[in-house]
Amino acid sequence: MTAPPRLDPPARLLCGPGPANVDPRVLEAMQRPLLGHLDPDILPILEQIARMLSTVFGREGGLTLALQATGTAGMEAGVAALIEPRDTVVVGVAGYFGQRLVEIARRAGADVVEVGVPFGQAIPTERLAEALRRHPETQLLAVVHAETSVGVRQPVEELAEAARGSDALILVDQVTALGGIPSRADEWELDYCYSCSQKCLGAPPGLAPVSVSERGLERLRARRSPVAFTFDLELLARYWVERPPVYHHTAPILHLYALHEALRLALEEGLDARFARHAEVGRSFQAAIEERGLELLAEPGARLPQLTAVRVPDGVDGREIQQRLLHDHGIEVGGGLGPSFPPIWRVGLMGANATAETAGRVLAALDDVLGSTP
Ligand SMILES: Cc1ncc(COP(=O)(O)O)c(C=O)c1O
């Protein structure tokens with residue numbers, strides 16, 4: 001074939017469930033000279049990334065690194081590392097990604113106990129505690145901190161108390177949470193947290209930061225059956241942490257530069273200031289949505305600031321509105337995740353997009369396509 005024309009993708013305002021637009025400094029970092037994955041000059045970069053990620057996760061010891069993978073792979077790696085076939089896993093299901101955790105745990109051979117709630121609600125911690133009491137053999141308690149499919153925040157800070165007296169380790173999906181709302185892995189006794197690069201952390205997709213507690217590492221070392229080579233955290237530690245490094249895979253160096261710069265931006269801003277920015281922008285966006293007579297799916301008190309699920313009003317074709325936002329305004333927002341979910345739009349104001357200006361652009365575009373004014 002002859003070569004197609006040079007790529008010229010349109011500029012979009014990415015206000016869906018992710019990816020989010022990244023700061024120009026992050027894209028610029030990807031233009032720096034490519035290094036080999038075992039070059040002596042890449043090693044301090046890996047160490048800095050791991051240290052910055054530990055700070056964002058809220059962990060001092062244990063193991064923290066970034067998998068060369070998607071958020072889902074972070075989920076799969078954690079489940080595979082912490083359970084063995086026939087183990088019992090209690091999974092809190094508040095939406096699509098809780099369901100995915102169930103699916104992945106089942107594929108790993110676990111006996112899964114699901115604790116579900118209607119869409120829009122967080123799972124009461126007492127119900128998770130009750131499931132652990134009914135299943136004292138449970139090895140893992142797994143929940144989603146920020147359930148992107150419904151815009152719900154799970155109070156993961158209450159899990160350790162709920163799991164007290166049980167052997168269950170705690171696994172938390174922070175794919176939409178990390179960098180947007182606080183994470184205190186040590187204080188909240190979270191044994192395995194995983195995230196992605198492309199949402200509130202503000203880098204392009206392609207990396208899955210993960211963080212394991214000392215207790216999680218002990219579980220890993222005591223395994224009877226091996227885990228898949230690609231996501232073997234002990235082998236990955238030999239590349240990321242141990243020196244001299246041991247080759248495991250050819251690391252995506254340009255993506256690591258991008259994550260390094262995104263984390264630098266987060267620390268320069270200050271984590272508390274970053275969380276406050278997300279909280280404030282999300283709160284005022286949600287208030288403006290309600291002022292327009294639109295309804296939010298998530299219950300008050302359980303709403304994520306960085307991801308707002310807006311119910312599509314009766315008689316409105318939600319998909320058509322999404323297409324008009326994209327084509328007429330260059331704005332991407334998400335829809336509901338499949339027929340079992342209520343019709344919704346999912347608006348993400350994450351990372352560099354968590355600004356009053358971006359929220360205002362989304363509201364103005366929505367007003368235009370819905371033909372409404374406040
Ligand atoms: C809460 C949550 N978990 C897991 C994932 C999966 O991440 P990825 O699409 O990077 O595999 C997503 C993606 O949106 C998510 O929102």
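The residues of the chain are indexed from 1 along the displayed sequence. Note that ligands are numbered from 1 as they come in the structure, with each ligand's atoms numbered from 1 the same way. Only heavy atoms go into these numbers, but all of them, side chains included; no hydrogens, no water, no symmetry mates.
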Quick one: does H145 get a heavy atom under 4.0 Å from ligand 1? no
Is the ring pair Y247/H37 parallel, tilted or perpendicular, if the boundaries are 30 and 60 degrees? tilted
Should the pair R303-E299 be classified as a salt bridge under the 4.0 Å nitrogen-to-oxygen rule? no
In terms of heavy-atom contacts, does CZ of R164 have more than 12 from other residues, nucleotides or ligands at under 6.0 Å? yes
Lys/Arg-Asp/Glu bridge criterion (N-O < 4.0 Å) met for R215, E218: no
Atom 11 (O) of ligand 1 sits nearest the protein heavy atom T72 OG1, 2.5 Å
Counting heavy atoms only, which of G74, A69, G71 comes nearest to atom 7 (O) of ligand 1? G71
Less than 4.0 Å is my threshold; does some heavy atom of E147 fall inside it relative to ligand 1? no
Record the part of A146 in heavy-atom contact with ligand 1 below 4.0 Å; permitted values are side chain, backbone, both and neither. backbone
To the nearest 0.1 Å, how far is atom 2 (C) of ligand 1 from its closest protein heavy atom, and which atom is that? F97 CG, 3.3 Å
Distance from atom 3 (N) of ligand 1 to nearest protein heavy atom, with residue and atom: D173 OD2, 2.6 Å
To which protein heavy atom is atom 16 (O) of ligand 1 closest, and what is the distance rounded to 0.1 Å? T148 OG1, 2.4 Å
Just need the protein heavy atom nearest to atom 14 (O) of ligand 1, so name the residue and atom and give the distance. K199 NZ, 2.5 Å
Contact atoms of ligand 1, heavy-atom distance to V144 under 4.0 Å: 1 (C)
Give the ring-plane orientation class for H248 versus F229, where under 30° counts as parallel, over 60° as perpendicular and anything between as tilted. parallel
So do the side chains of P245 and L38 get within less than 4.5 Å of each other, counting heavy atoms only? yes
Strictly distance-based, threshold 3.5 Å: is any side-chain N or O of E332 a donor or acceptor partner for the main-chain N or O of G16? no
Within a reach of under 6.0 Å around CG of D167, are more than 12 heavy atoms found that belong to other residues, nucleotides or ligands? no
Which atoms of ligand 1 are found less than 4.0 Å from any heavy atom of Q198? 10 (O)
Could you go through the salt bridge (Lys or Arg N to Asp or Glu O under 4.0 Å) check for E103 and R107 one step at a time? CA-CA 6 Å; E103 164 83 13; R107 285 178 184 228; 2.6 Å; yes
At under 4.0 Å between heavy atoms, is it the side chain or the backbone of V175 that contacts ligand 1, or both, or neither? side chain
Go through ligand 1 atom by atom and flag the ones less than 4.0 Å from a non-hydrogen atom of T176. 16 (O)
Is the closest side-chain heavy-atom distance between V172 and V143 below 4.5 Å? yes
Geometric N/O contact R100 with ligand 1, under 3.5 angstrom: no
Short N/O distance, under 3.5 Å, between Y194 and ligand 1? no
